[in-house]
Amino acid sequence: MRVCATALFALLATPLAADPFVMTYEAFEQAVPHIDLLACPVDLDGPGRFCRLTTHNDALNVFVFSEDGDQPLVALKSWPADLLAGLMD
């Protein structure tokens with residue numbers, strides 16, 4: 001599954017031509033190993049949103065999806081995984 005996550009990050013970082021790719025939760029759910037978060041981080045939270053957590057390249061990544069329509073990706077934020085070191089002591 002690491003290949004799928006790598007491909008997803010590359011796709012999200014690639015500028016697209018006329019028709020932008022919209023990542024839907026359905027596509028994400030099938031392609032990316034993740035953890036369902038009970039609540040979004042405060043700075044990503046908002047009405048009608050839900051979040052999923054992934055790890056990749058020593059980073060914690062939170063994907064934020066809208067509950068509307070096809071549930072498109074509306075935000076993405078990453079933090080260094082070493083932030084967890086203090087929690088593990």
Output every pair passing disulfide (SG to SG under 2.5 Å) with a member in residues 30-74, not counting sequence neighbours, ordered by first then second residue.
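Listed once each, the pairs are C40-C51.
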
Flag the pair [X] / [Y] as yes when at least one side-chain heavy-atom distance between them is below 4.5 Å, and no otherwise.
{"X": "L53", "Y": "L60", "result": "yes"}
{"X": "T54", "Y": "F28", "result": "yes"}
{"X": "V62", "Y": "L76", "result": "no"}

For E29, enumerate each residue passing the side chain to side chain donor-acceptor pair (under 3.5 Å) test, keeping only those at least two apart in sequence or located in another chain.
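Partners of E29 by the side chain to side chain donor-acceptor pair (under 3.5 Å) criterion, ordered by chain and then number, come out as Y25, H34.
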
Applying side chain to side chain contact (heavy atoms under 4.5 Å, CB included), can you list everything that pairs with P47, at least two apart in sequence or on another chain?
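Partners of P47 by the side chain to side chain contact (heavy atoms under 4.5 Å, CB included) criterion come out as none, since no residue qualifies.
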
Pairs in or reaching into residues 41-54: which pass salt bridge (Lys or Arg N to Asp or Glu O under 4.0 Å), with residues at least two apart or in two chains?
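Matches after skipping sequence neighbours: D36-R52, D43-K77.
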
Do any side-chain atoms of residues 63-75 form donor-acceptor pairs under 3.5 angstrom with protein atoms, and if so which ones, sequence neighbours left out?
unit_1	atom_1	unit_2	atom_2	d
S66	OG	D68	N	3.0

